[in-house]
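Take a look at the structure set out below.
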Amino acid sequence: MRRAIALARQGLGFVEPNPAVGAVLVDARRNLLGEGWHERFGGPHAEVNALADFKNRNSDAKARSELAATATLFVTLEPCCHTGKTPPCTDAVLASGVRRVVVALGDPSLHVSGGGIAQLKRAGIDVSVGLLEAEVRQLNAPFLKLAQTGLPYVHVKWAMTLDGNIATRTGSSQWISNEKSRAVVHELRGRMDAIIVGAGTARADDPSLTARSPGPRTATRVVVDSQAALSVESQLVKTVADAPVLVATLESAPEDRIAILQTVGVDVVRLPALASGNRLPESARPDLRALLIELGRRGMTNVLVEGGSDLLGSLFDLDLKEGQQLVDEAHIFVAPKFAGGAKAVSPVGGIGLEHIPQLSQIDPLQIEVLDGDVYIHGPVVNRDPAGL
Ligand code: AOF
Ligand code: ZN
């Protein structure tokens, strides 16, 4: 199963919104008979690729069926029992003559959810479920979140000084982190479906938010922009042919601004304002949950919120208020420098929390040193919203 997980990992970035899945076929002595993984969205599934590899290695049909009868198929996800872009894997498994299947994790998708395992068992296959399930859950956390909640898996990222500032008091921020840290960010961008920034950041930094080294995916650049004020002269708009730009604005945004953006090829989505009585200082802000629902509806699996401070503050505030987690993973780059200044900008604005027991945290924590910058990352776990 460890081998199957390692194979599955190679599909990350290429398969979404599908899960990353690996499969390994072994004989009774655990010798390898065939292996494969789901390599790209729309392509054959892991089991089908592993069985094809088995066939390639054993051209004689009779020898193959003898081997299959005592073989075990290890697969990281419950084999599907539906016809999607490809035929059901359960049929391929049954046709292969394999009699024993070990599954790490059930597929929660509506079109499977236990049906694949049930079908195999009905056909007399010995099926066991749960081996290394936690590892597979972690590997497929974005797929699972989207399948179970309709929301994309949300990464947050910022670079800050040792004294916790993302810009100096004059707003200067290029660059806090070093070249190596920034290369990691570009890698991250290359496996995202969306990169989200606030209108203030789009105006102040005029970023292009493209991945320097093209990765497996091209992220849509999303600007949360209540007045649809994004300039047509911005780098984002100028590069719209390289990667899509989506402006997430308010239903009340000026029609002429929306029309101008649409004319130059920007996609615009109108969102309700956060309900009044919310914890935010200003009420006229697009509802970020509504934005995430819309991105999930578009099949976006991983999104990266890059700031600024107001947007990240709204997101973390919502996390606590709703009790349901919106922030899933954090990527923080700490440069060994000091900016100082009461007016310097901290990474997460908003209202913030009152009591220490309420604080969300990264767990498990990963730390890497990148040419002197410290890269802190990992899943964000919410604490009890009720606090104390
Ligand atoms: C498997 N093995 O390797 C994967 C599975 O449109 P399709 O045909 O590609 O089907 C996609 C669905 O199949 C996806 O939503 C998930 O439920 C399942 N993925 N299943 O047996 C695989 N990738
Ligand atoms: Zn399948």
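Because only heavy atoms are used, hydrogens play no part in the values below, and waters and symmetry mates are left out as well, while side chains stay in. Index from 1, following the sequence. In listed order, ligands and their atoms are each counted from 1. Please read these numbers as outputs of a predicted model, since none were measured by experiment.
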The one among Leu146, Asp107, Asn49 that brings a heavy atom closest to atom 18 (C) of ligand 1: Asp107
Number the atoms of ligand 1 from 1 as they appear, then name those within less than 4.0 Å of a heavy atom of [X], with their elements.
X     : answer
His38 : 3 (O), 23 (N)
His82 : 10 (O), 12 (C), 13 (O)
Pro79 : 21 (O)
Gly84 : 6 (O), 8 (O)
Val21 : 3 (O), 4 (C), 22 (C), 23 (N)
Lys85 : 6 (O), 7 (P), 8 (O)
Glu78 : 21 (O)
Asn18 : 9 (O), 11 (C), 14 (C), 15 (O)

Member of Val26, Ile5, Val101, Val103 meeting the side chain to side chain contact (heavy atoms under 4.5 Å, CB included) criterion with Phe74: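 Of the listed residues Val26, Ile5, Val101, Val103, the side chain to side chain contact (heavy atoms under 4.5 Å, CB included) partner of Phe74 is Val26.
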Whether over 12 other heavy atoms sit under 6.0 Å from Lys55 NZ: no
Residues, nucleotides or ligands: over 12 heavy atoms within 6.0 Å of Gln138 CD: no
State whether [X] and [Y] are salt-bridged, where the test is any N-O pair (Lys NZ or Arg NE/NH1/NH2 against Asp/Glu carboxylate O) under 4.0 Å.
X      : Y      : result
Asp242 : Arg221 : no
Arg217 : Asp193 : yes
Arg212 : Glu179 : yes
Glu187 : Arg191 : no
Glu368 : Lys180 : no
Arg57  : Asp53  : yes
Glu306 : Lys157 : yes
Lys145 : Asp328 : yes

Parallel, tilted or perpendicular: rings of His111 and His82 (30°, 60°): parallel
Ala46-ligand 1 polar pair, N/O distance under 3.5 Å: yes
Short N or O distance, Cys80 and ligand 1, threshold 3.5 Å exclusive: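 Yes, since at least one N or O of Cys80 sits under 3.5 Å from an N or O of ligand 1.
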Examine the proximity of ligand 1 to [X] and report which part, side chain or backbone, both or neither, has a heavy atom under 4.0 Å away.
X     : value
Cys89 : side chain
Pro19 : both
Glu47 : side chain
Thr86 : both

Which residue and heavy atom of the protein sit nearest atom 13 (O) of ligand 1, plus the separation: His45 CE1, 3.3 Å
Closest protein heavy atom (residue, atom, distance) for atom 15 (O) of ligand 1: His111 NE2, 3.2 Å
For Val184, the rest of its hydrophobic cluster, which grows through side-chain links under 4.5 angstrom: Val185, Phe333, Leu370, Tyr375
Within-2.8 Å protein N/O/S contacts of the Zn ion (ligand 2): His45 ND1, Cys80 SG, Cys89 SG
Transitive ILVMFWY side-chain link Val264 to Leu236, under 4.5 Å: yes
